[in-house]
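I have a structure I would like to understand better, so I am pasting it below and will then ask my questions one at a time.
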Amino acid sequence: MQEQYVTLARPGVHESEINRSRFICALAPAGSEEEARAFVDRVRAEHPGATHNCFAYVIGADGGVRKSSDDGEPGGTAGLPMLQMLLRREVRYVVAVVTRYFGGTKLGAGGLIRAYGGVVGEALDAVGTVTRHRRRLLTVITDHQRAGKVENELRATGRTVREVRYAAEVSIEVGLPEADLPAFHAWLADLTAGTARTELGGEAYDA
């Protein structure tokens, strides 16, 4: 797994007008190709009268899955510049759809490339991005008496609490940088007088 990747802070829409044509860029997080394509379909359904609904998406922390479509624009003038903008900004797990309503003035190939790539860049600026970091999953197992204090201290010290499960004992799943594990075990032993146990899990990116 990569140590980190950049993705959207939130979904969003940004619109620009260029030579009387409307370019509306809709951005959304997408965890898979299926999610990306479903988003493209939703945007198309919202703009049935649009001249074009071009798209690009990048899936995977390493950007391993990437697709684009010109949707009727001249080849390489819409989807590809959109995709290149996403890659240039190093954004992952993202889908962009640019809806164009033709305004009567042709832009030419260079104008289209600048328009489609540019509106995606503007939309990214408007929506903002966040960095997701790789974390090692660790489950803290403690008794009910100490569970509330442990959870509160975890949150107060800025650690990521992913899930809390109540049974005969309380299991609190946290995500930690790998390098922090030894210090965390010492901190937990001190907090719970050595009574809490831990179970090491897999890896995930923080939310």
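In this chain, numbering begins with 1 at the start of the sequence shown.
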Nearest atoms (heavy-atom pairs only) where Ser16 meets Glu122: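 For Ser16 and Glu122, the tightest heavy-atom pair comes out as OG-OE1, 2.6 Å.
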
Measuring centre to centre across the rings, with the benzene-like ring taken for any Trp, is Phe39 within less than 6.0 Å of Tyr57?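 No - the distance between ring centres of Phe39 and Tyr57 does not fall below the 6.0 Å cut-off.
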
How long is the straight-line distance from OH of Tyr101 back to CD of Glu17, given to the nearest 0.5 Å?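 Spacing of CD (Glu17) from OH (Tyr101) equals 13.5 Å.
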
Side chain to side chain, Phe184 and Val140, heavy atoms closer than 4.5 Å: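 With C-beta onward as the side chain, the pair touches.
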
Quick check for you: to the nearest 0.5 Å, what is the distance between Leu137 atom CG and Glu163 atom CD?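 Between atom CG of Leu137 and atom CD of Glu163 there are 10.5 Å.
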
Spacing of Arg20 atom CZ and Thr105 atom OG1 [to the nearest 0.5 Å]: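 Answer for the CZ-OG1 pair, Arg20 versus Thr105, is 4.0 Å.
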
Taking every non-hydrogen atom, the tightest pair across Pro74 and Leu112: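 Closest heavy-atom pair between Pro74 and Leu112: CD-CD1, 3.8 Å.
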
Check the hydrophobic clustering (I, L, V, M, F, W, Y; side-chain heavy atoms under 4.5 Å; chains of links allowed) and say if Val91 and Val98 are grouped together.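 Yes.
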
Is there a side-chain contact between Arg197 and Glu169 in this structure, where contact means two heavy atoms from C-beta onward sitting under 4.5 Å apart?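 Arg197 reaches Glu169 side chain to side chain.
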
Looking only at non-hydrogen atoms, find the nearest pair between Gly76 and Asp70 and report the distance.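 The pair with the smallest heavy-atom distance is N-OD2, 3.0 Å.
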
If we only count heavy atoms from C-beta on, is the Leu86 to Met82 side-chain gap below 4.5 Å?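 No. Closest side-chain heavy atoms not under 4.5 Å.
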
Check for a donor-acceptor pair, side chain of Ser21 on one end and backbone N or O of Gly103 on the other, with a separation under 3.5 Å.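 A pair under 3.5 Å: yes.
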
If two hydrophobic side chains count as joined below 4.5 Å and joins carry through other members, does Leu191 share a cluster with Val174?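 Yes, same cluster.
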
Working note: Ile18 + Arg114, criterion side chain to side chain contact (heavy atoms under 4.5 Å, CB included); need CA distance, chi angles, decisive distance, verdict. CA-CA 10 Å; Ile18 302 171; Arg114 287 190 295 273; over 6 Å; no

If you measure from CZ on Arg136 to CG on Asp180, what distance do you get to the nearest 0.5 Å?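 Spacing of CZ (Arg136) from CG (Asp180) equals 13.0 Å.
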
List the atom of Phe55, the atom of Arg37, and the distance in Å for their closest heavy-atom pair.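 Reported closest heavy-atom pair: CZ-NH1, 4.4 Å.
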
Do the non-hydrogen side-chain atoms of Tyr205 and Gln2 ever get within less than 4.5 Å of each other?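 Counting from C-beta outward, Tyr205 and Gln2 do come under 4.5 Å.
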
Does CD belonging to Gln145 count more than 12 external heavy atoms closer than 6.0 Å?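 Incorrect, the count does not exceed 12.
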
Would you mind reporting whether Ile59 and Tyr93 have side-chain heavy atoms less than 4.5 Å apart?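 Counting from C-beta outward, Tyr93 and Ile59 do come under 4.5 Å.
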
How far does CG of Leu181 sit from CG of Leu200, to the nearest 0.5 angstrom?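 Rounded to the nearest 0.5 Å, the CG-CG separation comes out at 6.0 Å.
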
Please examine the side chains of Arg44 and Asp71, heavy atoms only from C-beta on, and report whether any two atoms are closer than 4.5 Å.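 Side-chain contact under 4.5 Å: yes.
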
For Arg92, does its backbone N or O pair with a side-chain atom of Thr7 as donor and acceptor, under 3.5 Å?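 Such a contact is found between Thr7 side chain and Arg92 backbone.
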
Ignoring hydrogens and geometry, is there a side-chain-to-backbone donor-acceptor pair from Thr142 to Arg146 under 3.5 Å?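 It does not hold such a pair.
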
Cluster overlap Met85 with Leu87, hydrophobic side-chain contacts below 4.5 Å: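 As far as the 4.5 Å side-chain criterion goes, Leu87 and Met85 are connected within one cluster.
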
For residues Val127 and Gly12, report the shortest heavy-atom separation together with the two atoms involved.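 Answer, listing the atom of Val127 first, then Gly12: CG2-CA, 3.7 Å.
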
Determine whether a donor-acceptor pair (N or O, by modelled atom type, separation under 3.5 Å) exists between the side chain of Thr129 and the backbone of Val6.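 Not at all, since once roles are kept as given, no pair shorter than 3.5 Å links the two residues.
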
The test is side chain to side chain contact (heavy atoms under 4.5 Å, CB included); show your working for Leu138 and Arg159 and say whether it passes. CA-CA 11 Å; Leu138 186 79; Arg159 295 180 168 95; over 6 Å; no

Linking I/L/V/M/F/W/Y whenever their side-chain heavy atoms sit closer than 4.5 Å, directly or via other members, would Leu27 and Phe23 fall into one cluster?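 Shared cluster, yes.
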
Any side-chain heavy-atom pair from Val13 and Ile24 closer than 4.5 angstrom?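 Yes. Closest side-chain heavy atoms under 4.5 Å.
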
Please step through side chain to side chain contact (heavy atoms under 4.5 Å, CB included) for the pair Arg100 and Glu73, ending with a clear verdict. CA-CA 10 Å; Arg100 182 189 183 190; Glu73 292 280 29; 2.9 Å; yes

Can you find a pair of side-chain heavy atoms, one from Arg89 and one from Asp125, that are under 4.5 Å apart?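 Of all side-chain heavy-atom pairs linking Asp125 with Arg89, at least one is under 4.5 Å.
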
Would you please test Arg42 and Glu46 for salt bridge (charged side-chain N to carboxylate O under 4.0 Å, His left out) and show each step? CA-CA 6 Å; Arg42 284 199 300 275; Glu46 291 170 7; 5.7 Å; no

Atom CZ of Arg135 and atom CD of Glu3: how far apart are they, to the nearest 0.5 Å?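 Going from the CZ atom of Arg135 to the CD atom of Glu3 covers 9.0 Å.
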
Verify the cluster assignment for Tyr116 and Val94: are they in a single hydrophobic cluster under the rule of side-chain heavy atoms below 4.5 Å apart?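 Result: yes, single cluster for both.
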
Tell me the closest heavy-atom pair linking Ala30 and Val95, and the distance in Å.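 Taking every non-hydrogen atom into account, CB-CG1, 4.1 Å.
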
